[in-house]
Amino acid sequence: MATATVMLGDALADVAAEIDARFDALLEVPDDPRAPLYRAMRHAAIGGGKRLRPLLVFATAALFNVDKDRAARVATALEAIHVYSLIHDDLPAMDDDDMRRGKPTVHKAFDEATAILAGDCLHALAFEILAEPETHPEPHVRAELILDLARASGPSGMAGGQAMDLEAETGDFDLNTVTRLQQMKTGALITAAVEAGAILGRVGPEGRTHLRGYAHDLGLAFQIADDLLDAEGDETVAGKKLRKDGDAGKATFLTLLGVERARAQCGMLVDQAVEHLRHYGPEADLLRAVARYVVERDH
């Protein structure tokens, strides 16, 4: 376990450095009136964050010996979508948060209009990266990457889940509804990250069944762990305001299951996620370590 923890820690650090370097190059501040927009994008995209979704792209791509530069481009695109979602999620019209990743949210550091545009631009940047020939020489691979990420980001995925989340404060949501909400809001982008590595490796949909099962269980476990952190975590470690869901009366896994059942369910989902990887050998150890990390993390 100690070896796996060290391996994961090193991998997260390497991926964070890689993603930061790529955003640094992509978001060079121009000497014109767009400068505040670029500074806002850099504020959100560079530094901080777990970089879990990029790591999942790299880890899955490695199973199929994908070129690391191609994996890095796709990982950056996934993270651009994730960062855009955080910028918009923090806005006063949404969750109205002041802190993210240990620093002021974009609309606090700049203003609301700039924050909206920064999110819009990161969204567009993700698909620009995926569409470029450098991402993969085969157009149908690039098209599948774009299609999969678009579906994971839109009304059938992350954005649709966020819309349901807004209704969770006033709606009478049962466990099935909350599970569907989180599969969309959190799980869709995690699944897209896992599938992206396989798409780069030219693995067809039928060959990705076990990886989809892994991602499905990982996404739910991640969200339950997030609910537990929101209720029990330390804001100085988390880098954001906690206990907002409880204060808002929002239906979550924690309110529906209780702390102990939620913790047990999280552990069971992690075990299931790891079991989905039984067909792989040591080459999938990083994916297994990511699953274990979900229940051990403190931010």
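Numbers here are sequence positions counted from 1.
Side-chain contact between L211 and E195 is absent, with no heavy-atom pair separated by less than 4.5 Å. By the 4.5 Å heavy-atom criterion applied to side chains, L286 and L55 are counted as neighbours. Side-chain contact between I81 and M158 is present, with at least one heavy-atom pair separated by less than 4.5 Å. Counting only heavy atoms from C-beta outward, the side chains of D226 and Q182 never approach each other to under 4.5 Å. With a 4.5 Å cut-off on side-chain heavy atoms, L149 and F127 count as touching.
Each of L122, D89, D120 was compared with Y84 under the side-chain contact (heavy atoms from CB on, under 4.5 Å) criterion, and only L122 meets it.
Considering all non-hydrogen atoms of both residues, Q265 and I224 come closest at CG-CD1, 3.7 Å. Of all heavy-atom pairs spanning L256 and F173, the tightest one is CD2-O, 3.8 Å. Heavy atoms only, all atoms of each residue included: L254 and V259 are closest at CD1-CA, 3.7 Å. Among all heavy-atom pairs drawn from A44 and I87, the shortest one is CB-CD1, 3.6 Å. Nearest heavy-atom pair, V295 versus C266, reported as atom, atom and distance to 0.1 Å: CG1-SG, 3.3 Å. The shortest heavy-atom contact between P54 and E79 is CD-OE1, 3.2 Å.
Expressed to the nearest 0.5 Å, how far CG of D90 lies from NE2 of H107 amounts to 7.0 Å. Put simply, CG on L145 and NE2 on H140 are 10.0 Å apart, with the number rounded to the nearest 0.5 Å. Note that CG of L130 is 7.5 Å distant from CG of L78, once rounded to the nearest 0.5 Å. Atom CE of M184 sits about 6.0 Å away from atom CE of M164, to the nearest 0.5 Å.
Taken together through direct or relayed side-chain contacts under 4.5 Å among Ile, Leu, Val, Met, Phe, Trp and Tyr, L175 and L228 form part of one hydrophobic cluster. M99 and L91 are assigned to two separate hydrophobic clusters, defined by single-linkage of ILVMFWY side chains at heavy-atom distances under 4.5 Å. In the hydrophobic clustering of ILVMFWY residues, with side-chain heavy atoms under 4.5 Å counting as a link, V203 and L63 come out together.
Remark: E260 engages R263 in a salt bridge (charged side-chain N to carboxylate O under 4.0 Å, His left out) (not counting sequence neighbours). Partners of D14 according to the salt bridge (charged side-chain N to carboxylate O under 4.0 Å, His left out) rule, which considers only residues two or more places apart in sequence or in another chain, do not exist here. D217 meets the side chain to side chain contact (heavy atoms under 4.5 Å, CB included) test with L269, Q272, A273, H276; sequence neighbours excluded. In terms of the salt bridge (charged side-chain N to carboxylate O under 4.0 Å, His left out) criterion, R180 has no residue partners (sequence neighbours excluded). Partners of Y38 according to the ring pair (Phe, Tyr, Trp, His ring centres under 6.0 Å) rule, which considers only residues two or more places apart in sequence or in another chain, do not exist here. Scanning for salt bridge (charged side-chain N to carboxylate O under 4.0 Å, His left out) contacts around E167 gives an empty result, with sequence neighbours left out.
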Kindly list each side-chain donor-acceptor pair under 3.5 angstrom involving residues 109-118, sequence neighbours excluded, with atom names and distances?
unit_1, atom_1, unit_2, atom_2, d
D111, OD1, A113, N, 3.2
D111, OD1, T114, N, 2.7
D111, OD1, T114, OG1, 2.9
D111, OD2, T114, OG1, 3.2

Using a 3.5 Å cut-off and no angle test, enumerate the donor-acceptor pairs between side-chain atoms of residues 24-31 and protein atoms at least two apart in sequence or in another chain.
unit_1, atom_1, unit_2, atom_2, d
D24, OD1, R42, NH1, 3.1
D24, OD1, R42, NH2, 2.6

For residues 185-192, run the donor-acceptor check on the side chains, cut-off 3.5 Å, and write out each pair with its distance to 0.1 Å, sequence neighbours left out.
unit_1, atom_1, unit_2, atom_2, d
K185, NZ, D165, OD2, 3.1
T186, OG1, Q223, OE1, 2.7
T191, OG1, G187, O, 3.0

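Between the side chain of D20 and the backbone N or O of G47 there is at least one donor-acceptor pair closer than 3.5 Å. A donor-acceptor pair is defined here as one N or O able to donate and one able to accept, closer than 3.5 Å; no such pair exists between the side chain of R51 and the backbone of I19. For the pair H43 (side chain) and P104 (backbone), a donor-acceptor distance under 3.5 Å is present. When atom types are taken as modelled, the side chain of D227 and the backbone of F253 share a donor-acceptor pair closer than 3.5 angstrom. Under the 3.5 Å distance criterion, the side-chain polar atoms of R278 are matched with a main-chain donor or acceptor of E275. Of the possible donor and acceptor atoms, one in the side chain of Y214 sits under 3.5 Å from a partner among the backbone N and O of L287.
Sorted by first then second residue, the salt bridge (Lys or Arg N to Asp or Glu O under 4.0 Å) pairs that include residues 138-159, not counting sequence neighbours, are E138-R202, E144-R208. Here side-chain hydrogen bond (donor to acceptor under 3.5 Å, both in side chains) pairs that include residues 126-135, with residues two or more places apart or in two chains, are R73-E132, R73-T135. Sorted by first and then second residue, the pairs that involve residues 57-69 and meet salt bridge (Lys or Arg N to Asp or Glu O under 4.0 Å), not counting sequence neighbours, are R22-D69.
Around atom CG of D172, no more than 12 heavy atoms belonging to other residues, nucleotides or ligands sit under 6.0 Å away.
Ring pair H210/H279 is tilted by interplanar angle, where 30° to 60° counts as tilted.
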- Go through the steps to decide whether C121 and M41 satisfy the test side chain to side chain contact (heavy atoms under 4.5 Å, CB included), and finish with yes or no. CA-CA 8 Å; C121 289; M41 294 165 70; 3.7 Å; yes

- Task: Give the C-alpha distance, both sets of side-chain angles, the deciding distance and a yes or no for salt bridge (charged side-chain N to carboxylate O under 4.0 Å, His left out) between D271 and R292.
- Result: CA-CA 8 Å; D271 289 342; R292 297 299 181 195; 2.8 Å; yes

- Message: Quick one, R101 with L86, criterion side chain to side chain contact (heavy atoms under 4.5 Å, CB included). Give me CA distance, side-chain angles, the key distance, then yes/no.
- Response: CA-CA 10 Å; R101 294 177 170 178; L86 298 180; 3.8 Å; yes

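No side-chain donor-acceptor contact under 3.5 Å links T179 and N176.
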